[in-house]
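A short worksheet on the structure shown next.
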Amino acid sequence: MLFTKGSIKKTVKTLGSVLTKKYKDKEVIVLSLLDGSFVFAADLVRQIKGDVDVRFLKIKSYEGTESSGSLVVARDFDFRQLDNKHVLIVDDILDTGLTLNTLCKQIRNETEILSLATCVLLDKQVNRTNNFEADYVGFKVQNEFVVGYGLDYNGKYRNLPFIGVLKEKVYR
Ligand code: XMP
C-alpha cells in the first residue's frame, strides 16, 4: 500500500480547488488520457467548480511494466477541437515523460489553443528521458511499478480504491 483511499481523496480535493482558482471565469477542456487516468479524471473534474468540458484521448506507451519507448495516439482524435480553448491534460502518472512531452508538442504544433497545462496524480521523476515537468502533481513516487485507482498491470488492478506497489513476483 502506497496511498490510501483517504489520502488520494484529500489530494484530489486539493488539486481540484487549485484548478478551480486557475480556471475561474474560463471554460476549460479537461483532456483525460486513456486508459489509466479515467478514475483520477472522474474524481478530479467533480472537484473543479466551474465550466468544465471533458474529452478523452486514447494513448498507449507501456507494455507490461516497461515503457515501449514510442507513443501510440488514437487516430480518430481531431486535435482541432481544442482550438481557442484552455486545455488541461490529465494523466495518471508521469514517468519517462514521453507521453506528455510528445503530446504537448503535438497540441502546440497542430492547434491554436488559449493555454495548455498538465496535471498528473503521480510523478515518478527518476526515469525521465527529457526535461518535462507537470504543472500540477498529486504525489511523488519512487521508481516502483504502481497499480490501483486506474493504474493497471496488463489491464488488471484498475479497480483498486488505493494505490499499491506491484510485487515483483507478479511479473518476474
Ligand atoms: P511516460 O513514460 O510516457 O509514462 O511518462 C506515462 C504512462 O506510462 C504508464 N505508466 C505506468 N502505469 N504503473 C502503471 O500502471 C506504473 O508504475 C506506470 N509508470 C508509467 C501510464 O500509463 C502513464 O500514463
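Order of appearance sets the numbers: ligands from 1, and atoms from 1 within every ligand.
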Notebook entry, point to check: Is ligand 1 less than 4.0 angstrom away from at least one heavy atom of E144?
Noted result: yes

Next item on the list: Report yes if the side chains of L15 and Q47 come closer than 4.5 Å at any heavy-atom pair, otherwise no.
Entry: no

Notebook entry, point to check: What part of I59, side chain, backbone, both or neither, has a heavy atom within less than 4.0 angstrom of ligand 1?
Noted result: neither

Note to self: Less than 4.0 Å is my threshold; does some heavy atom of G36 fall inside it relative to ligand 1?
What the structure shows: no

Check: Which of the atoms of ligand 1 are close to G97, meaning less than 4.0 Å from one of its heavy atoms?
Finding: 1 (P), 2 (O), 5 (O)

Next item on the list: Identify the heavy atoms of V120 and A134 that sit nearest to each other, and give their distance.
Entry: CG2-CB, 3.8 Å

Note to self: With no hydrogens and no angle check, just 3.5 Å: does a side-chain donor-acceptor pair link D135 and T118?
What the structure shows: yes

Next item on the list: Report yes or no: does a heavy atom of D152 sit under 4.0 Å from some atom of ligand 1?
Entry: yes

Notebook entry, point to check: With atoms numbered from 1 as shown, which atoms in ligand 1 lie under 4.0 angstrom from a non-hydrogen atom of L151?
Noted result: 12 (N), 13 (N), 14 (C), 15 (O)

Check: Taking N or O atoms only and a 3.5 Å limit, does D92 qualify as a polar contact for ligand 1?
Finding: yes

Notebook entry, point to check: When you check the side-chain N and O atoms of D51 and Y23, is any donor under 3.5 Å from an acceptor?
Noted result: no

Item checked: Partners meeting ring pair (Phe, Tyr, Trp, His ring centres under 6.0 Å) with F79 (sequence neighbours left out) -> F77

Check: Residues two or more places apart in sequence or in another chain: which of them pass side-chain hydrogen bond (donor to acceptor under 3.5 Å, both in side chains) with Q125?
Finding: none

Check: If you count the atoms of ligand 1 from 1 in the order shown, which ones are under 4.0 Å from a heavy atom of K124?
Finding: 16 (C), 17 (O), 18 (C), 19 (N)

